[in-house]
K.L.:
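One structure follows; several queries about it will come next.
The sequence lines fix the lettering, A, B, ..., with proteins before strands; numbering per chain opens at 1.
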Number of protein chains: 2
Amino acid sequence: MSRKEQPLIDYINRIVELSEEEEQILLSGIKTRRYLKGQYILQQGDVCSVSAFVLKGCTKTFYLDDQGQEHVIMFSIEDWWTSDLASFITQTPSDFNVQCLENTEVVLFPYETHDKLLEEVPILERFFRKIIERALVASQKRVVRNLSMSARDRYLYFRKQYPLIEQRVPQYLIASYLGITKEFLSKIKSQLIQEQ
Amino acid sequence: MSRKEQPLIDYINRIVELSEEEEQILLSGIKTRRYLKGQYILQQGDVCSVSAFVLKGCTKTFYLDDQGQEHVIMFSIEDWWTSDLASFITQTPSDFNVQCLENTEVVLFPYETHDKLLEEVPILERFFRKIIERALVASQKRVVRNLSMSARDRYLYFRKQYPLIEQRVPQYLIASYLGITKEFLSKIKSQLIQEQ
DNA sequence: CACTCATGTTAATCTAGTTTAACTTCATTT
DNA sequence: AAATGAAGTTAAACTAGATTAACATGAGTG
């Protein structure tokens, strides 16, 4: 029960139910790995060969555009998935980088064993469908927010939705996530303080 | 072979392979329906009870914000899916409206028969997973575009990616889809013409 | 034919957010 | 204790895009 993969098992069991035996098969098909702060789990241009579940630590997923500008797509902390699902699913080169913002420990689902795992534990097919569905819902809602909310409102939403992340991640990365400059986020924050 | 649902069967067969028998079961679980221009397939606040495949016509999916402003999320034409997947999947009230921009004929997948259909034709489970995966990839790429591209570049991308839609849909709705005002899109277009 | 009504254009003014650049804070290294 | 460097702040000048409003076009329709 004190195995380090337990948070992953718990996470999966909140969505589908695994038998003891299925848990064992699952555990045999995955690995845990530690990364140091600054290390990359995935680099832009590489095919995403693993889907990762964060046991401890924090990562950022970002994208470098033609001008070399960094755009943060998401952060991941304990109990979150991180990977470029698009690249993982289609096994095509990734648009994204995943880099650790802290020393980070993850469970890795390698793509090679993924199909085999789904065959041996078919209930995982439903599990993966469900997490992809959730990711889709979240992504669609983000499109809507970006289209219909001001920078200030997006920040307030972020702060409310992810209070733990705001405390762990430097402000200039949050600005990037929100699609604004760090200077403007600083201005928004000082306005919010003024107003009270 | 000249049944009107054929485009749907073809679409599915491009992703998974259905036997004759599976096709028959599928056909018995779906309905086709016509809508007139202006009619709604789905209204904001209702639970999305059907997933729709467009046989003929054109729809817009949009969202009304607190100020009553309309934000177009997507257009769908022949051979596209249209529905609020988030609402359909989770059976919670939808954030979106789906309205027909032309007289439109669709195939409807009712949610009630959805589970039964998946049981009887298990290969459809994979089919739905794949189309959700595609939707996720598309949605994530759109987030990136909205964060990293100017309005002008988003328009050029749209024009290149969806030339057929541009011809069928009024310009002010395209502006809304791009997240800009119709006046600004008009300005962008006249600038593009000037430059040549 | 004249009259709507929906769509698109142009131009002036305005504002949310960017850019640039100088300065502050604070933790880490030497 | 000085020095370096990463993170954050402030403020002035600037720009992409919004707003407002007047006008243009064109396809129905009475």
K.L.:
Run through B:Y172, B:Y155, B:F75 and flag the one making a ring pair (Phe, Tyr, Trp, His ring centres under 6.0 Å) with B:Y177.
P.N.:
B:F75
K.L.:
Under 4.0 Å from a heavy atom of chain B: give me the 5'-most and 3'-most nucleotides of DNA chain C that qualify.
P.N.:
C:dT7 to C:dT10
K.L.:
Let's see if you get this right: which residues in residues 62-69 of chain B place a heavy atom under 4.0 Å from DNA chain D?
P.N.:
none
K.L.:
Report, one pair per line, the protein and nucleotides 25-30 of chain D atoms (nitrogen or oxygen only) whose separation is under 3.5 Å.
P.N.:
none

K.L.:
What I want to find out is whether B:E133 reaches B:R129 closely enough, with some N-O distance under 4.0 Å, to be called a salt bridge.
P.N.:
yes
K.L.:
When you measure from the centre of the six-membered ring of A:F62, is the NZ or CZ of A:K60 closer than 6.0 Å and no more than 45° off the axis?
P.N.:
yes
K.L.:
So A:Y111 and A:H114, would you call those rings parallel, tilted or perpendicular, with 30° and 60° as cut-offs?
P.N.:
parallel
K.L.:
Near DNA chain D, under 4.0 Å by heavy atom, which residues of residues 179-190 of chain A?
P.N.:
A:E183, A:S186, A:S190
K.L.:
Below 4.0 angstrom, which residues in residues 152-177 of chain A have at least one non-hydrogen atom near DNA chain D?
P.N.:
A:P170, A:Q171, A:Y172
K.L.:
Less than 4.5 Å apart, side chain to side chain, heavy atoms only: is that true for A:R33 and A:E105?
P.N.:
no
K.L.:
Evaluate the side-chain proximity of A:K31 to A:P110: yes if any heavy-atom separation is below 4.5 Å, no if none is.
P.N.:
yes
K.L.:
Does A:V47 have any side-chain contact (heavy atoms from CB on, under 4.5 Å) partners at least two apart in sequence or in another chain, and if so, which?
P.N.:
A:S87, A:Q91, A:P93
K.L.:
Can you see which heavy atom on B:M149 is nearest to which on B:R154, and at what distance?
P.N.:
O-NE, 3.3 Å
K.L.:
Decide whether a cation-pi geometry holds between B:R142 and B:F158; the criteria are a distance under 6.0 Å from NZ or CZ to the six-membered ring centre and an angle within 45° of the ring axis.
P.N.:
no
K.L.:
Just to verify, which of A:E183, A:K189, A:K187 counts as forming a side chain to side chain contact (heavy atoms under 4.5 Å, CB included) with A:L185?
P.N.:
A:K189
K.L.:
Is it possible for you to say whether A:I9 and A:V54 belong to one hydrophobic cluster, with membership spreading through side-chain heavy-atom contacts below 4.5 Å?
P.N.:
no
K.L.:
Between A:F109 and A:F128, does a ring pair (Phe, Tyr, Trp, His ring centres under 6.0 Å) hold up when you go through it step by step?
P.N.:
CA-CA 12 Å; A:F109 276 78; A:F128 280 106; 5.6 Å; yes
